[in-house]
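To keep things clear, I will list the structure first and then write my remarks on it.
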Amino acid sequence: MATRYESKTAEPRQQARWAAADAFSVSNEDTGRPKYYVLEMFPYPSGNIHMGHARNYVMGDVVARHKRAQGFDVLHPMGWDAFGMPAENAAMERGVHPGDWTWSNIATMRDQLKLLGLSLDWSREFATCDPTYYGKQQAWFLELYKRGLVYRKDGVVNWDPVDNTVLANEQVIDGRGWRSGALVEKRKLNQWFLRITQYADDLIDGLSELEGRWPDKVRLMQENWIGRSKGLQMKWAFAADAAPAGHDAVEVYTTRPDTLFGASFVGLAPDHPISKQLAEADPRVAAFVAECRKGGASQAEIEQAEKIGWDTGLKVVHPFTGAEVPVWIANFILSEYGTGAVFACPAHDQRDLDFARKYDLPVIPVVRPEGAGDDFAVANEAYTGPGSLFHSDFLNGLDIDTAKAEAIARIEAAGQGEAKTIYRLRDWGVSRQRYWGCPIPIIHCEACGPVAVPSEQLPVELPKDLTFDVPGNPLDRHPTWKHVSCPTCGGEARRETDTLDTFVDSSWYFARFADPKADAPINKAAASKWLPVDQYIGGVEHAVLHLLYARFITRALSDAGLMDVKEPFAGLFTQGMVVHETYYEGLEPSGKPRWVEPSDVRIETVDGQRVATRLSTGAPLTIGDIEKMSKSKKNVVAPQDIIEAYGVDAGRLFVLSDSPPERDVQWSAGGVEGASRFVQRVWTEFDGFDPEAAANADVDASLIRETHKTIKAVSEGVEGFRFNSAIAKLYAFLATLRQHDKAGGEAKKTALSTMARLIAPFTPHLAEEAWARLGEDGMVLDAPWPVYDAALAADDAVTLPIQIGGKRRGEVVLPRGSDNATVEAAALANPTVQAYLAANNLSVRKVIVVPDRIVNLVAG
RNA sequence: GCGAGCGUGGCGAAACUGGUAGACGCAGCAGACUUAAAAUCUGCCGACUUCGGUCUUGCGGGUUCGACCCCCGCCGCUCGCACCA
């Protein structure tokens, strides 16, 4: 009688074996084996491991275990992205110290994570809030400071009024703070910046090397974010005697110098220095500028906003024709982009056209599509397509690219401007007015200015004795911490009280994992062994945040000689979320649904409809949308509960089996039960295996074929990140094994041994138990990945579908590799085919044979 | 508005470079075992059908011996950027 598989005892037993063998610690010494670095985006210690984490880390674990079986030295570390606002919020709400709160969360989550049976090298674990980590960050920060990549400036910054701190451009989503969701305000502050724009070209150009190993989507998002455009920066001189004081020209930027002959006005941003100067002199201009600022901030408003303008009465001179062109102030011109001023060619730019139509300004087409005549005109839609120049003097007849080059050449020759590449990307503002972050290692001295903290004084540690009862930066309020003497002159000085954006912490942690205890920020030799990360796995939400910052910092640190790698992540996979149906029992008076937890819900099918009832009260429930698991909607399923009920392996299997990894997976109780059944059945196969049972030649041949087909399919599934397909093949292979449950001999044993090794990345505990039950040596963990043999997988006979005119009408079974003439003869002789042809009065005109696949009869 | 992606049974999905659409799982139905239920096992499970078949991958067209796959035009959904000159 077969025994039941007890995950509750088996899983801890196997985890203990791995721990006793220290199975996942990996050495920095050269072993002669190739290296493979698998990394999942490390978690913020928010309190508990949730399903999204679990899916992320299980995917990484599948890759890590598979690569190990393939003979690689696999580095698979784990750490904690431990600085951040929630810790300070907890301090304010509950009076706990952010550090205590964070470290206790880490302890909880580490235990939860260990339940998942991940092949992690825990000896390399660290948290970014540990001075042994952030002190090294301060060291390299100062290195970049020395090299001019860190600077301080007054600037208009994004201010999050809820978190009371500054945000970088990347951290403002739809005008709101990425974390708090509060509407972001503009403030003028003195801030520290990292010169990411210096790497703009390199960051774009590097993307092409990642083709194929990074999702196209992410590469494109980064490219768009950096937003490189090539164009012309040029001066439009004011007409004689008409210049405003202190200005002799308006400097504009354009990507369409080819359309210069179509210029009908020059536009200034409301914040342009000339606009401001005019506003000071004329209250009507001031009123107009104020009108432009009103409502400007939010996206929806910008979209709706009508174009408005103010004719300054000033005129500038066209560089080619000498004609006078009016200067307008317009609300749609951005002061932060380019020079904050443009020349407008309404015929070939929709915004300019909308504006020109409203204010009745000339619209002169200068590019016409192929075939259009001299009368080509635009109505209310600007022409932005390809074509050739006309109405344009010396540019007439040229195509757009040639005309651009020619216009630029003429302007440059005349000394009126030059070709220029500009970027949408701004420097990265890294100052945060918060306590729980890495202190910026700078001391401000009245006499000497900002001075780097000397290296022997690093790390600059955070003080512990603070109060969090008032808003604002607690560091700044600390009675003594900021008062220091100047390292240069010894005079009275003040520490920088801003801390670094936490995205700085996560911009180099992957390099620190190479040797987390190194004296240098990065152990160059160890980093050279392991980096780049071969497979990085995480959510798409970091496409232009973390992933861009990390690429920048890696380049900067390499240029500073701290490491030797430019591109940190050779392969990237962005995984989908874990989502769950929501349930609610009526609405609150406020109109919000009264959410009910899934554990309190029973789903039945009544008359083909899914009906939800509340278990505890029997009340009928409404089934809501399928959404990302979140506490507020109560649609959360905790990994620990699943492990308790079904075991880790069933949970691991389910999060990977139901959807492709890049897509969201919908959690369902039924789904995980199915996975749990699979675990049981696999065990039953191994447990019931009788090594003494007699072999059977026919069964052996088909088992061997299926074994090899499965090896191929599962290997390809794992390598191609199609875990769901790989798992489906494993289910199918189990069905095959079950069909031959009485079989014995070598073929059956090989099939089972292969099964154990193929399931090992997904259900490692079960695989170990099965391996041991089979009497194999050692751990399946160290067993080599099965090798596919095409010859053994090949069927002797193939079933060829017979199509007539592309529709399947019958089939014929023939030996594999039959020649076309044989196939053709067999198809034509097929009784079903003959009957069909006769019934429809058709005769065969042509026969197409795809060897071993299909035969198609063209009939008429 | 611009850019990218997606659309296949009741549901999640599969189909490798154009070659038997719906593998595998969930839900459902029927049966076996059981005093009964659960568990387990076996079978069925796209739609229509006069049981011969016919239709079927969002809609309309095209290319091809053959299209979920390639091309053109629509419709719908999701994501990213958003007055970037």
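We name chains A, B, ... by the order of the sequence lines, and we start the count at 1 in each one.
Atom CD1 of Ile623(A) and atom P of A27(B) are 15 Å apart (whole Å). Whole-Å rounding puts the Gln739(A) CD to U42(B) C1' distance at 12 Å. Separating the NZ atom of Lys846(A) from the P atom of U64(B) is a distance of 11 Å, rounded to the nearest angstrom. In this entry the distance linking CZ of Arg424(A) with P of A85(B) reads 10 Å, nearest Å. For the pair Arg256(A) CZ and C84(B) P, the interatomic distance rounds to 14 Å; values are reported in whole Å. Between the CZ atom of Arg351(A) and the C1' atom of A82(B) there is a distance of 11 Å, given to the nearest Å.
Listed by chain and residue number, nothing satisfies the side chain to side chain donor-acceptor pair (under 3.5 Å) test with Glu418(A) (two or more places apart in sequence, or in another chain).
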Nucleotides 52-54 of chain B: which of its N/O atoms have a protein N/O under 3.5 Å away?
residue: U54(B); atom: OP1; partner: Arg809(A); partner atom: NH1; Å: 3.3
residue: U54(B); atom: OP2; partner: Arg809(A); partner atom: NH1; Å: 3.3

Distances for protein N or O near nucleotides 56-63 of chain B N or O, under 3.5 Å:
none

All N/O pairs under 3.5 Å across the protein-nucleotides 44-51 of chain B interface:
none

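Looking only at distances, no side-chain donor or acceptor of Thr197(A) sits under 3.5 Å from a matching main-chain atom of Arg426(A).
Using a 4.0 Å heavy-atom cutoff across all strands shown, Ile333(A) reaches at least one base atom of the nucleic acid.
In this model, the phosphate group of A39(B) is not approached by any side-chain N or O of Arg4(A) to a distance below 4.0 Å at OP1 or OP2. At the phosphate of C84(B), neither OP1 nor OP2 sits under 4.0 Å from any side-chain N or O atom of Arg228(A).
Note that the CG atom of Asp664(A) and the CD atom of Gln575(A) stand 9.5 Å from one another [nearest 0.5 Å].
Between Tyr383(A) and His348(A), the two ring planes are perpendicular [angle over 60°; tilted spans 30° to 60°].
Judged by the 6.0 Å distance and 45° axis criteria, Lys307(A) is not positioned over the aromatic ring of Phe355(A).
Helical stems of RNA chain B (runs of at least 3 Watson-Crick or G-U pairs, donor-acceptor distances under 3.5 Å) are listed by first residue: B:1-7 with B:75-81, B:10-12 with B:24-26, B:28-32 with B:40-44, B:46-48 with B:53-55, B:58-62 with B:70-74.
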Criterion side chain to side chain contact (heavy atoms under 4.5 Å, CB included) on Val718(A) and Phe762(A), from CA distance to verdict: CA-CA 10 Å; Val718(A) 170; Phe762(A) 303 99; 3.7 Å; yes
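Ring to ring, Phe733(A) and Tyr731(A) are not that close: their centroids are 6.0 angstrom or more apart.
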Sequence-aligned protein contact record of nucleotides 2-25 of chain B, with B where the base is within under 4.0 Å of a protein heavy atom and S where only the sugar-phosphate is: -SS-------BSS-B--BB--BSS
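Base orientation of G52(B): syn, the glycosidic angle falling within 90° of 0.
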